J.: 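Have a look at this one.
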Amino acid sequence: MKGFYSRKLHSLLGVIPLGFFILEHMITNFSAVEGGSQGFKESVAFLNSLPLVLVLEIFGIWLPLLYHGVYGLYIAFQAKPNNGRFPTERNLRYLLQRISGVIVFAFVIWHLWETRVQVALGNVTHEELGGVMHSIVTQPVFFLLYLISVVAASFHFANGLWSFMVSWGITVGPRAQRVSSYICMGLFVIVALMFVGSLFAFRGAEFQAEGTALLESAKALLA
């Protein structure tokens with residue numbers, strides 16, 4: 001019974017609030033595509049101007065993310081996929097959900113260290129985050145890792161949303177589950193494309209000056 005409620009909470013937190021967080025993150029990053037460097041700075045500034053932003057981050061993002069991530073790892077490593085015996089679409093998605101969860105967990109730790117933690121330590125400012133992202137994604141290996149990670153995160157969110165609706169009794173019959181599957185996989189494509197588009201935007205010339213300035217600043221500190 002305890003495991004039942006733990007899984008229910010894990011599923012719920014994956015949609016509320018973490019589902020909203022990934023959509024907000026997608027929109028904020030996509031502002032780099034629509035508005036370039038200035039548009040991205042304005043989006044980041046708006047988020048940081050919200051009242052009680054630290055409280056919102058702690059209780060609306062970090063604590064839910066910690067529980068969902070750690071318990072998700074437990075689920076992933078306890079899973080016993082049977083794709084070899086039953087190579088169905090659902091079994092494949094079950095396996096990909098576990099694999100993508102592990103990828104996203106590692107990616108979130110890395111991404112937070114490169115961005116949010118560096119801001120907290122005073123090494124960079126919120127206004128310099130575009131330059132930070134430029135410095136990361138212009139390195140071929142890191143760019144590839146980011147590509148894999150944002151696609152994995154997009155799939156994990158969209159497929160998790162479909163699983164949430166099934167497990168919580170929102171989509172009961174086969175037809176409802178099939179239609180919701182099409183919708184969620186369409187959402188996966190949209191979210192993934194917007195994240196990937198953002199990565200290419202961060203590689204652009206508009207963010208190059210900021211990335212160069214950060215690099216020169218780091219060299220000066222080490223000199």
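When a residue number appears, it is its place in the shown sequence, counting from 1. All figures in this text were calculated on a predicted structure; none of them were measured in a lab.
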J.: Are side-chain heavy atoms of Gln118 and Val132 found at a separation under 4.5 Å?
T.: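 Side-chain contact under 4.5 Å: no.
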
J.: So, using salt bridge (charged side-chain N to carboxylate O under 4.0 Å, His left out) as the criterion, who are the partners of Glu42 when residues are at least two apart?
T.: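 Partners of Glu42 under the salt bridge (charged side-chain N to carboxylate O under 4.0 Å, His left out) test: none.
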
J.: So Lys8 and Ser167, do their side chains get closer than 4.5 Å, heavy atoms only?
T.: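 Result yes, sub-4.5 Å side-chain heavy-atom pair found.
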
J.: Looking at Val33 and Ala201, what are the two nearest heavy atoms and their distance?
T.: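 Val33 and Ala201 have their closest heavy atoms at CG2-CB, 3.7 Å.
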
J.: Using the test side-chain hydrogen bond (donor to acceptor under 3.5 Å, both in side chains), find all partners of Ser100 that sit at least two apart in sequence or belong to another chain.
T.: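 Listed in chain order: His156.
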
J.: If the plane angle is over 60° it's perpendicular, under 30° parallel, otherwise tilted; pick one for His25 and Phe195.
T.: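 Taking Phe195 first and then His25, their aromatic rings sit tilted (interplane angle of 30° to 60°).
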
J.: Would Leu145 end up clustered with Leu199 when hydrophobic side chains under 4.5 Å apart are linked, directly or stepwise?
T.: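 Leu145 clusters together with Leu199.
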
J.: May I ask whether Tyr5 and Val166 are part of the same hydrophobic cluster, defined by side-chain heavy atoms of I, L, V, M, F, W, Y residues being less than 4.5 angstrom apart, directly or through others?
T.: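 The answer is no; the residues belong to distinct hydrophobic clusters.
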
J.: Hydrophobic cluster membership, with links at side-chain heavy-atom distances under 4.5 Å among I/L/V/M/F/W/Y: are Met133 and Val151 in one?
T.: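 Same hydrophobic cluster.
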
J.: Taking all non-hydrogen atoms of both residues, which atom of Val70 and which atom of Phe105 are closest, and how far apart?
T.: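 Taking every non-hydrogen atom into account, N-CE1, 3.9 Å.
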
J.: Among residues at least two apart in sequence or on other chains, which ones pass side-chain contact (heavy atoms from CB on, under 4.5 Å) with Thr28?
T.: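 side-chain contact (heavy atoms from CB on, under 4.5 Å) list for Thr28, sorted by chain: Glu24, Phe40, Ser43, Val44, Leu47.
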
J.: Transitive ILVMFWY cluster of Trp113 at side-chain heavy atoms under 4.5 Å: who else is in it?
T.: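 Val117, Leu121, which link up through side-chain heavy atoms under 4.5 Å apart, make up the rest of the cluster.
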
J.: Do Glu57 and Leu54 have side-chain heavy atoms sitting under 4.5 Å apart?
T.: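 The answer is yes; the side chains approach within 4.5 Å.
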
J.: Please evaluate residues Asn159 and Leu96 with respect to the criterion side-chain contact (heavy atoms from CB on, under 4.5 Å), reporting the C-alpha separation (whole Å), side-chain torsions for both, the decisive distance (0.1 Å), and the verdict.
T.: CA-CA 9 Å; Asn159 191 61; Leu96 290 177; over 6 Å; no

J.: Any chance you could pull the hydrophobic cluster mates of Leu56, using side-chain heavy atoms under 4.5 angstrom and chaining through other members?
T.: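 Leu56 clusters with nothing; isolated.
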
J.: Pairs of donor and acceptor atoms involving the side chains of residues 176-193, under 3.5 Å and at least two apart or interchain, shall be tabulated with distances.
T.:
unit_1, atom_1, unit_2, atom_2, d
Gln177, OE1, Arg90, NH2, 2.4
Gln177, NE2, Thr171, O, 3.3
Gln177, NE2, Val172, O, 3.0
Ser180, OG, Trp162, NE1, 3.2
Ser180, OG, Ala176, O, 3.1
Ser180, OG, Gln177, O, 3.0
Ser181, OG, Arg93, NH1, 2.6

J.: According to side-chain contact (heavy atoms from CB on, under 4.5 Å), who are the partners of Val119, at least two apart in sequence or on a separate chain?
T.: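 Per chain and number, Val119 pairs via side-chain contact (heavy atoms from CB on, under 4.5 Å) with Arg116, Val124, His126, Leu129.
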
J.: Shortest non-hydrogen contact from Val137 to Arg203?
T.: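 Shortest heavy-atom contact: O-NH1, 2.7 Å.
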
J.: Could you work out, with side-chain contact (heavy atoms from CB on, under 4.5 Å) as the rule, every residue matching Val55, not counting sequence neighbours?
T.: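 Residues passing side-chain contact (heavy atoms from CB on, under 4.5 Å) with Val55: Leu52, Phe59.
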
J.: Are side-chain heavy atoms of Phe155 and Gln97 found at a separation under 4.5 Å?
T.: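 Result yes, sub-4.5 Å side-chain heavy-atom pair found.
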
J.: Using the test ring pair (Phe, Tyr, Trp, His ring centres under 6.0 Å), find all partners of Tyr74 that sit at least two apart in sequence or belong to another chain.
T.: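 In terms of ring pair (Phe, Tyr, Trp, His ring centres under 6.0 Å), with neighbours along the sequence ignored, Tyr74 is linked to Tyr71.
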
J.: With a 4.5 Å cut-off on side-chain heavy atoms, are Ser154 and Phe157 touching?
T.: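 In short, these two side chains do not touch, never coming nearer than 4.5 Å.
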
J.: Measuring from atom CD of Gln139 to atom CG of Leu144, what distance do you get when rounded to the nearest 0.5 angstrom?
T.: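 CG of Leu144 is found 13.0 Å from CD of Gln139.
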
J.: May I ask whether Leu161 and Ile170 are part of the same hydrophobic cluster, defined by side-chain heavy atoms of I, L, V, M, F, W, Y residues being less than 4.5 angstrom apart, directly or through others?
T.: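 Yes, one cluster joins them.
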
J.: Mind listing the closest non-hydrogen atom pair of Thr138 and His134 along with its distance?
T.: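 Distance-wise, the nearest heavy atoms are OG1-O, 2.7 Å.
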
J.: Pick from Phe207, Phe143, Phe30: which one makes a ring-ring contact (aromatic ring centres under 6.0 Å, His included) with Phe202?
T.: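 Filter result, single survivor: Phe207.
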
J.: Return a table of donor-acceptor pairs under 3.5 angstrom between the side chains of residues 11-20 and protein atoms on other chains or two or more places apart.
T.:
unit_1, atom_1, unit_2, atom_2, d
Ser11, OG, Trp168, NE1, 3.4

J.: Rounded to the nearest 0.5 Å, how far apart are CZ of Phe200 and CG of Leu147?
T.: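 Between Phe200 CZ and Leu147 CG, I get 6.0 Å after rounding to 0.5 Å.
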
J.: Quick one: list whatever passes ring pair (Phe, Tyr, Trp, His ring centres under 6.0 Å) with Phe142, sequence neighbours left out.
T.: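 Residues passing ring pair (Phe, Tyr, Trp, His ring centres under 6.0 Å) with Phe142: Trp110.
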
J.: How far apart are the closest heavy atoms of Ile58 and Pro64, and which atoms are they?
T.: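 Shortest heavy-atom separation between Ile58 and Pro64 comes out as O-CD, 4.0 Å.
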
J.: Among residues at least two apart in sequence or on other chains, which ones pass side-chain hydrogen bond (donor to acceptor under 3.5 Å, both in side chains) with His111?
T.: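 side-chain hydrogen bond (donor to acceptor under 3.5 Å, both in side chains) list for His111, sorted by chain: Tyr146.
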
J.: Linking I/L/V/M/F/W/Y whenever their side-chain heavy atoms sit closer than 4.5 Å, directly or via other members, would Phe107 and Leu23 fall into one cluster?
T.: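 Looking at the clustering, Leu23 is in the same group as Phe107.
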
